[in-house]
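Everything numeric in this text was worked out from a predicted model, so none of it was measured.
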Amino acid sequence: MNRSKSAAAYARACQVTPGGVNSPARAFGAVGGSPIVIARAAGPYLHDVDGNRYLDFVGSWGPMILGHAHPAVVEATIAAVRNGSSYGAPSEPETELAELVVQAIPSVEMVRFVSSGTEATMSALRLARGYTGRDLVIKFAGCYHGHVDALLVSAGSSALTHGVPNSPGVPKGCTDDTLVLRYNDTTALRDVFRANGDRIAAVILEPVVGNMGLVPPGEEFRKELRALTHRYGALLIYDEVMTGFRLAYGGAQEVLGDTPDLTTLGKIIGGGYPVGAYGGRADVMKKVMPAGPVFQAGTLSGNPVAMAAGIATLKELKAHPPYERLDRMGADLEAGITRAATGAGVPFRLNRVGSMWTLFFTATPVTDLDSARTSDTKRFGKFFWEMMDRGVYLPCSQFEAAFLSAAMTDDHVTQTVAAAREALAAVAAG
Ligand code: HOZ
């Protein structure tokens with residue numbers, strides 16, 4: 001495949017932008033080579049500046065569940081922008097999207113829109129601390145909650161991919177109140193609550209992790225999280241920036257049957273535009289300014305064009321729920337890749353929940369960051385490029401989740417399995 005125009009465009013970007021990208025997850029640092037530069041996207045496909053077409057399993061890292069340039073979303077945003085692109089004053093689409101979110105997720109009684117997932121988790125954390133009057137927060141190694149200072153400790157996603165799970169520039173004071181535990185480690189959770197329970201403001205986690213690769217939660221772990229936070233008066237925050245409206249219309253918490261106190265959202269609720277949100281129990285949300293004393297603000301929060309894209313996306317998901325079909329296609333993909341990897345003799349674990357999945361190059365069950373790190377990332381890099389050469393675009397890191405979109409069909413799954421069969425044979429050959 002000729003990627004010379006992408007290489008030139010990337011080299012040009014590197015002159016004026018650090019590392020040539022506006023977010024490190026895109027930089028291909030973990031798989032070698034330079035990123036493809038995108039010219040356009042439609043349905044299940046990305047098209048690069050060289051004219052190559054790729055079946056897209058990244059979907060902008062999650063938002064594009066309907067596929068790219070879905071007609072309903074395109075029409076809604078064009079109509080919205082004709083009415084002006086930002087007001088800095090209340091508008092009805094903000095309330096309409098809030099109502100859709102509140103109807104979809106029973107634990108979310110009120111919601112506040114922001115402009116990114118990072119802002120959502122940062123604000124949820126401040127609110128939890130303001131509400132409880134406590135400072136300590138528990139996070140889990142390998143979970144990623146955006147680039148919030150207090151949570152940039154043992155972080156997943158591109159922080160992990162690029163080897164800086166604890167970034168320079170984060171003052172020690174910002175993370176002194178952050179306790180980091182192993183994901184799925186119920187015993188450690190009990191111990192920490194026993195020692196510090198009355199000082200813990202919140203526990204934040206991805207209820208299904210996407211940011212160390214896909215890692216599901218254990219049943220006992222989840223039950224204990226809810227029980228301990230209740231017992232000690234701490235808030236349970238589900239970071240559903242990736243899983244919200246992805247694993248089900250009501251997110252991971254619908255699938256798991258859980259009721260967190262606060263939920264953070266992003267990605268899908270913006271339909272491909274910059275939107276984040278945090279919401280939850282009304283008594284907690286009423287502490288947010290101007291209803292309450294906890295300050296949080298944003299000029300572009302509730303932006304009307306982004307709201308229109310979010311509304312169109314959620315309405316489409318509600319009218320034509322793709323979740324069963326996505327899960328079935330995910331199961332077919334899982335079965336096909338499992339057969340291919342077994343046939344190739346490559347040690348692997350394939351984790352999947354609904355339309356999110358990760359192929360780990362390890363024989364160890366992947367349940368937390370340490371087990372994720374047993375993956376052979378060189379093999380992953382080889383697999384990634386072999387798939388690229390066969391027109392399949394996967395996340396460019398072992399420590400990310402891949403996403404199916406509703407624009408994909410059974411034929412796309414069959415094509416991907418065929419590509420994986422060849423790619424895994426090449427990986428096995430070394
Ligand atoms: N939160 C995204 C998935 N892990 C990464 C997106 C980015 O950093 O650009």
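Residues P260 and S107 approach most closely at O-CB, 3.5 Å, considering heavy atoms. In this structure, S34 and Y10 approach most closely via the heavy-atom pair CB-CD2, 3.3 Å. Listed here is the closest heavy atom pair of G381 and V31: CA-CG1, 3.9 Å. Here the closest non-hydrogen pair linking L247 and A252 is CD1-CB, 4.0 Å. Residue P35 comes nearest to R26 through the heavy atom pair CB-O, 3.4 Å, listed as atom of the first residue, atom of the second, then distance. For the residue pair A120 and A277, the shortest heavy atom distance occurs at CB-O, 3.3 Å.
The shortest side-chain heavy-atom distance between F399 and T377 falls under the 4.5 Å cut-off. Residues V215 and T358 form no side-chain contact, since every pair of their non-hydrogen atoms from C-beta on lies 4.5 Å or further apart. With contacts defined as side-chain heavy-atom distances shorter than 4.5 Å, the pair V74/H70 does not qualify. Using a 4.5 Å heavy-atom cutoff, the side chains of D258 and P207 are not in contact. M64 is not listed as a side-chain neighbour of D56, based on a closest heavy-atom distance of 4.5 Å or more. Between I105 and F245 there is a side-chain heavy-atom pair separated by less than 4.5 Å. In this structure, the side chains of L225 and L236 come closer than 4.5 Å at one or more pairs of heavy atoms. By the 4.5 Å heavy-atom criterion applied to side chains, V137 and V203 are not counted as neighbours.
Contacts classified as ring pair (Phe, Tyr, Trp, His ring centres under 6.0 Å) and involving residues 322-367 (residues at least two apart or in different chains) are given here: F57-W357, F361-F383. Residue pairs meeting the side chain to side chain donor-acceptor pair (under 3.5 Å) criterion with at least one partner in residues 73-88, sequence neighbours excluded, do not occur; the list is empty. Sorted by first and then second residue, the side chain to side chain donor-acceptor pair (under 3.5 Å) pairs with a member in residues 297-314 form an empty list; sequence neighbours excluded.
Two rings, from W385 and F28, have their centers less than 6.0 Å apart.
Between the OH atom in Y183 and the NZ atom in K139 there is a gap of 11.5 Å [rounded to 0.5 Å]. One distance of note links CD of E206 with OG1 of T121; it measures 10.0 Å at 0.5 Å rounding. In this structure, CZ in F295 is found 6.5 Å from CE in M289, a value given to the nearest 0.5 Å. Considering CG of N184 and CG of L181, their distance stands at 11.5 Å, rounded to 0.5 Å. The CD1 atom of I38 lies 4.5 Å from the CG atom of L46; values are rounded to the nearest 0.5 Å. Going from atom CD of E92 over to atom CG of L97 covers 13.5 Å, rounded to the nearest 0.5 Å.
By the 4.0 Å N-to-carboxylate-O rule, R226 lies close enough to D261 to be salt-bridged with it.
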Take L205 and I138 through the side chain to side chain contact (heavy atoms under 4.5 Å, CB included) test and state the conclusion after the steps. CA-CA 8 Å; L205 73 156; I138 295 177; over 6 Å; no
Pair R112, E94 - check salt bridge (Lys or Arg N to Asp or Glu O under 4.0 Å), show working. CA-CA 9 Å; R112 165 64 65 85; E94 298 165 67; over 6 Å; no
Could you please spell out the steps behind the side chain to side chain contact (heavy atoms under 4.5 Å, CB included) verdict for R349 and T364? CA-CA 7 Å; R349 306 299 294 202; T364 307; 5.8 Å; no
Stepwise, does the side chain to side chain contact (heavy atoms under 4.5 Å, CB included) test hold for L326 with I65? CA-CA 10 Å; L326 285 172; I65 189 168; 4.0 Å; yes
With side chain to side chain contact (heavy atoms under 4.5 Å, CB included) as the criterion, how do H145 and N211 come out once you've worked through the C-alpha distance, each side chain's angles and the decisive distance to 0.1 Å? CA-CA 9 Å; H145 306 290; N211 283 302; over 6 Å; no
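For the 3.5 Å distance criterion, the side chains of Q253 and T263 qualify, holding a donor opposite an acceptor. A side-chain donor-acceptor contact under 3.5 Å links D239 and T264. At a cut-off of 3.5 Å, with distance as the only test, no side-chain donor of N52 or H47 sits close to an acceptor on the other residue. Inspection of the Y278 and Q296 side chains reveals an N or O donor paired with an N or O acceptor under 3.5 Å. In summary, the side chains of R246 and S355 do present a donor paired with an acceptor at a separation below 3.5 Å, with no hydrogens or angles considered. Using a 3.5 Å distance cut-off with no hydrogens or angles, the side chains of E240 and T243 do pair a donor with an acceptor.
E219 meets the salt bridge (Lys or Arg N to Asp or Glu O under 4.0 Å) test with R222, K223; sequence neighbours excluded. Under the rule for a side chain to side chain contact (heavy atoms under 4.5 Å, CB included), A79 has no partner lying at least two apart in sequence or in another chain. Applying the salt bridge (Lys or Arg N to Asp or Glu O under 4.0 Å) rule to R3 yields the partners D389; only residues at least two apart in sequence or on another chain are considered. The salt bridge (Lys or Arg N to Asp or Glu O under 4.0 Å) search around D368 returns R182, not counting sequence neighbours. The side chain to side chain donor-acceptor pair (under 3.5 Å) search around E220 returns R190, not counting sequence neighbours. Applying the side chain to side chain contact (heavy atoms under 4.5 Å, CB included) test to A428 and every residue at least two apart in sequence or in another chain returns A344, V346.
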Under 3.5 Å, side-chain donor or acceptor atoms of residues 14-25 against the rest of the protein: list the pairs with distances, not counting sequence neighbours.
none

Please output the side-chain donor-acceptor pairs of residues 410-426 that fall under 3.5 Å, not counting sequence neighbours, one pair per line with the distance.
{"residue": "D410", "atom": "OD1", "partner": "R328", "partner atom": "NH1", "Å": "3.3"}
{"residue": "H412", "atom": "ND1", "partner": "T409", "partner atom": "N", "Å": "2.9"}
{"residue": "H412", "atom": "ND1", "partner": "T409", "partner atom": "OG1", "Å": "3.1"}
{"residue": "H412", "atom": "NE2", "partner": "Y45", "partner atom": "OH", "Å": "3.0"}
{"residue": "T414", "atom": "OG1", "partner": "D410", "partner atom": "O", "Å": "3.0"}
{"residue": "T416", "atom": "OG1", "partner": "H412", "partner atom": "O", "Å": "2.7"}
{"residue": "E422", "atom": "OE1", "partner": "R390", "partner atom": "NE", "Å": "2.7"}

Table please: side-chain donor-acceptor pairs of residues 331-340 below 3.5 Å, with sequence neighbours left out.
{"residue": "E334", "atom": "OE1", "partner": "R352", "partner atom": "NE", "Å": "2.6"}
{"residue": "E334", "atom": "OE1", "partner": "R352", "partner atom": "NH2", "Å": "3.4"}
{"residue": "T338", "atom": "OG1", "partner": "E334", "partner atom": "O", "Å": "2.6"}

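Of the possible donor and acceptor atoms, none in the side chain of S371 sits under 3.5 Å from a partner among the backbone N and O of V366. In this structure, T118 contributes its side chain and H147 its backbone to a donor-acceptor pair below 3.5 Å. Between the S116 side chain and the E119 main chain, a donor and an acceptor come within less than 3.5 Å of each other.
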